[in-house]
Enquirer: 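Okay, handing you the structure first.
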Amino acid sequence: MRHGGFTTLFYKEVLRFWKVASQTVAAPVLTALLYLLIFSHVLEGHVKVHGISYTAFLIPGLVMMSVLQNAFSNSSSSLIQSKVTGNIVFVLLPPISYLEFFAAYVAASVVRGLVVGAGVLFATFWFAPLTFAEPIWILVFAVMGGAILGSLGVIAGIWADKFDQLAAFQNFLIMPLTFLSGVFYSINSLPPFWQQLSHWNPVFYMIDGFRHGFFGISDASPWLSLAVVSACLMVLAAFTLNLLKRGYKLRN
Amino acid sequence: MPPAILIQQVSKNFGSTRALDKVDLEIQPGEFFGLLGPNGAGKTTLISALAGLVRVDAGSLSVMGHDVQSDYRAARRHLGVVPQELVFDPFFSVRESLKIQSGYFGIGDNDDWIDEILVNLGLASKADANMRMLSGGMKRRVLVAQALVHRPPVIVLDEPTAGVDVELRQTLWQFIKRLNQAGHTIVLTTHYLEEAENLCNRIAMLKDGRVVALDTTEKLLRRFSAHALRLRTDGAMPDDLASGASESAGWWTLPFDSFDEVEPLLARIRAAGCRIESLEISSPDLEEVFIRVMQGSHQGQVN
């Protein structure tokens, strides 16, 4: 049996979503597959992006969107459930540092994101000729993007007192950020105003950098994306760690 | 050896409500200590502060000499808390819950101890059942088991027998008494004063966030609670006696401090022409102590 604060909490968080995998893994894979079938049916043959078929372009976007949304869901729903049912005390009573707490929840979120992402990739890559031009970017952006959303999930899970508050966070922040980030289109096809606005959306860089790993082509340079995503991760991690260190809502 | 629990000048406010007001308490290793008080007196807040679940505004708390803030890892390793709320993680079985809890405390191979706890708490047959499938009493046992996985020298039970059937109460107290005899310090909060009276060697009473009584159970009983004559008569009680007595369902209760007073009391009743039909002598009990302390009649005697 694994032991130690971080290891056990990480293991428990992974086991938690794995025990209900039909809901936490299979369902989001099916959703992504439905998006692919519908959009590719409507747009394939009409649209090419960067000279790539629309379906091939869409697949990495859907994979990354699934990684991000599921990473957020994992930490946020685990925390809110533990808070509402009260079993959060099992984690608060043992000698687990705030750093271990943060790392375990975020790492488990990344794992959930990667598992769902891999599932979506496996379910969809039969539909279009995909290439893996620079696979290291695929991994880097998937892990960092998952960590950012996992961290946001920790914030939301700690902040929300009720399920509807968490749902608001998800519906009014996470969903728009992920949908309006170039999952379904290249932002170069947008009118200038929306193009500018998209450059302020950190999720755009996650998806753009991730897609670069497949095609070697992207709207922004992968290095710029890496810089934005790294900065974003550091700021969010620092913010979340500060909340945890102060015991915000958890120890009061 | 440092005190099992040392609480110094601890204050805590929730908004404008003062939950704890300069609380001082020192509990020695091996004690069976009772923490009593009405709802809202601050018992759970005090336990939460000790467990690091709540941060206090002023003062300090330590467990076996380890400060609960600056040395929280050691403090929490020495402390096992059975929370008041009946909480559980619906994703796991009883054994999984206990293994995970062990892991949080850095204990890898804990199967032997887990088996021993399961047997002692009558949980062995439920080891592989999912937590959701258990009855309330069984869930309560698992909460106790979870607090014990790391063999803490100090064990705090926050109303462990609230809403629990007689059988579990017996099993639980037998096990806890054995742990106490093996050297574990036990701190108990309960609303069942009889339990506290039978189990605890020392008792603190809390009211409005302050310690209003603190002494050995025996001394508390002797100091605050008198013996009493309980009797039924065929006529009216003489006025001078009735003023110091109480009556309920035909039974009169006349408190007295020393057995020397019994004969003169009976003589006065006889002199008034009453015939005694039934008579018994009641001993002090903690319920009476509790009521008298909470009514504030003895606040000056706090030590």
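Order of the sequence lines sets the chain letters (A, B, ...), proteins ahead of strands, with each chain counted from 1. All values below come from the heavy atoms of this structure, side chains included, with hydrogens, waters and symmetry mates left out.
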Enquirer: Within a 6.0 Å radius of atom CH2 on W159(A), are there more than 12 heavy atoms belonging to other residues, nucleotides or ligands?
Expert: yes

Enquirer: Measure across R73(B) and E100(A) and return the closest heavy-atom pair with its distance rounded to 0.1 Å.
Expert: NH2-OE1, 3.0 Å

Enquirer: Could you check if a side-chain atom of L53(B) sits within less than 4.5 angstrom of a side-chain atom of L93(A), using non-hydrogen atoms only?
Expert: yes

Enquirer: What closest approach, in Å, do V89(A) and P83(B) show between heavy atoms, and which atom pair accounts for it?
Expert: CG2-CG, 4.2 Å

Enquirer: How far apart are the closest heavy atoms of Y104(B) and F90(A), and which atoms are they?
Expert: CD1-O, 3.4 Å

Enquirer: Determine the option with the most heavy-atom pairs under 4.5 angstrom with chain A, choosing from D111(B), D89(B), N110(B).
Expert: D89(B)

Enquirer: For the OH atom on Y248(A), are there more than 12 heavy atoms of other groups (residues, nucleotides or ligands in this structure) within a distance under 6.0 Å?
Expert: yes

Enquirer: List the atom pairs, donor and acceptor, that lie under 3.5 Å between side-chain atoms in residues 115-127 of chain A and the rest of the protein, sequence neighbours left out.
Expert:
residue	atom	partner	partner atom	Å
T124(A)	OG1	V120(A)	O	2.7
T124(A)	OG1	L121(A)	O	3.4
W126(A)	NE1	F122(A)	O	2.5

Enquirer: To the nearest 0.5 Å, how far apart are CG in L92(A) and CZ in R76(B)?
Expert: 7.5 Å

Enquirer: List the atom of E96(B), the atom of L15(A), and the distance in Å for their closest heavy-atom pair.
Expert: OE2-CD2, 4.4 Å

Enquirer: Please determine, among E85(B), R55(B), K12(B), the option with the most heavy-atom pairs under 4.5 Å with chain A.
Expert: R55(B)

Enquirer: Step through the shown structure and confirm whether more than 12 heavy atoms of other residues, nucleotides or ligands are within 6.0 Å of NZ on K245(A).
Expert: no

Enquirer: Tabulate, in ascending numerical order, the residues of residues 116-153 of chain B having at least one heavy atom closer than 4.5 Å to a heavy atom of chain A, or enter 'none'.
Expert: L143(B), Q146(B)

Enquirer: Measure distances from S97(A) to the heavy atoms of chain B and classify the residue's part below 4.5 Å as side chain, backbone, both or neither.
Expert: both

Enquirer: With sequence neighbours excluded, tell me which residues meet salt bridge (charged side-chain N to carboxylate O under 4.0 Å, His left out) with K162(A).
Expert: none

Enquirer: I'd like a table of donor-acceptor pairs (distance under 3.5 Å, sequence neighbours excluded) in which one partner is a side-chain atom from residues 146-156 of chain A, with atom names and distances.
Expert:
residue	atom	partner	partner atom	Å
S151(A)	OG	T240(A)	OG1	3.0

Enquirer: Tell me, for I88(A) versus chain B, whether the close heavy atoms (under 4.5 Å) come from the side chain, the backbone, both or neither.
Expert: neither

Enquirer: By a 4.5 Å heavy-atom criterion (distance strictly below it), what part of Q101(B) contacts chain A: side chain, backbone, both, or neither?
Expert: side chain

Enquirer: Assess whether side-chain contact (heavy atoms from CB on, under 4.5 Å) is satisfied between F91(B) and K12(A), documenting all intermediate values.
Expert: CA-CA 10 Å; F91(B) 287 92; K12(A) 177 255 190 183; over 6 Å; no

Enquirer: What heavy-atom pair brings P90(B) and N87(A) nearest, and what distance separates the two atoms?
Expert: CD-ND2, 3.9 Å

